[in-house]
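Counting starts at 1 for both ligands and their atoms, in listed order.
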Amino acid sequence: QDERLLEPSAAADLMRVNRDNPDFLILDVRTAQEFGQGSIEGAVLLDYYASDFRERFAQLDRDATILTYCRSGNRSSHVLKMADDLGFKNVYDLRGGILAWREAGLPLIK
Ligand SMILES: O=S(=O)([O-])[S-]
């Protein structure tokens, strides 16, 4: 059991705690189209399917606290592995993705 896989409520707590942390990033790895249909407030889009995803991801601050999510948790689990490979220290993954987030009644913005 990987404690970096956060249930929606724990992910929401992480966001709350890091509200004023300039080194906190919410990373949405879905497509631009999916992002446009509703996203978590403050999230930055970096499409996992983009050919330069790894290159761009690797440019992020390895010491930052990053919460990543996708639609249901598949793509973001790959991002978590990539983050480990690249030496990122504080990367979390929203378990069940935005579907679970929405299911938990948590807010999305358009
Ligand atoms: O990759 S996915 O779980 O968002 S379909």
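The residues K81 and D84 are annotated as not salt-bridged, no charged nitrogen and carboxylate oxygen being separated by less than 4.0 angstrom. Salt bridge present: E34 and R75 bring a charged side-chain N and a carboxylate O closer than 4.0 Å.
Qualifying ring-ring contact (aromatic ring centres under 6.0 Å, His included) partners for F57, counting only residues two or more places apart in sequence or in other chains: F53, F88. S77 pairs by the side chain to side chain contact (heavy atoms under 4.5 Å, CB included) definition with N74, D93, not counting sequence neighbours.
Judged by distance alone, the side chain of Y92 and the main-chain N or O of L14 form no donor-acceptor pair under 3.5 Å.
For residues 100-109, no pair satisfies salt bridge (charged side-chain N to carboxylate O under 4.0 Å, His left out), with sequence neighbours left out.
The 4.0 Å heavy-atom shell around ligand 1 contains residues C70, R71, S72, G73, N74, R75, ordered by chain and number.
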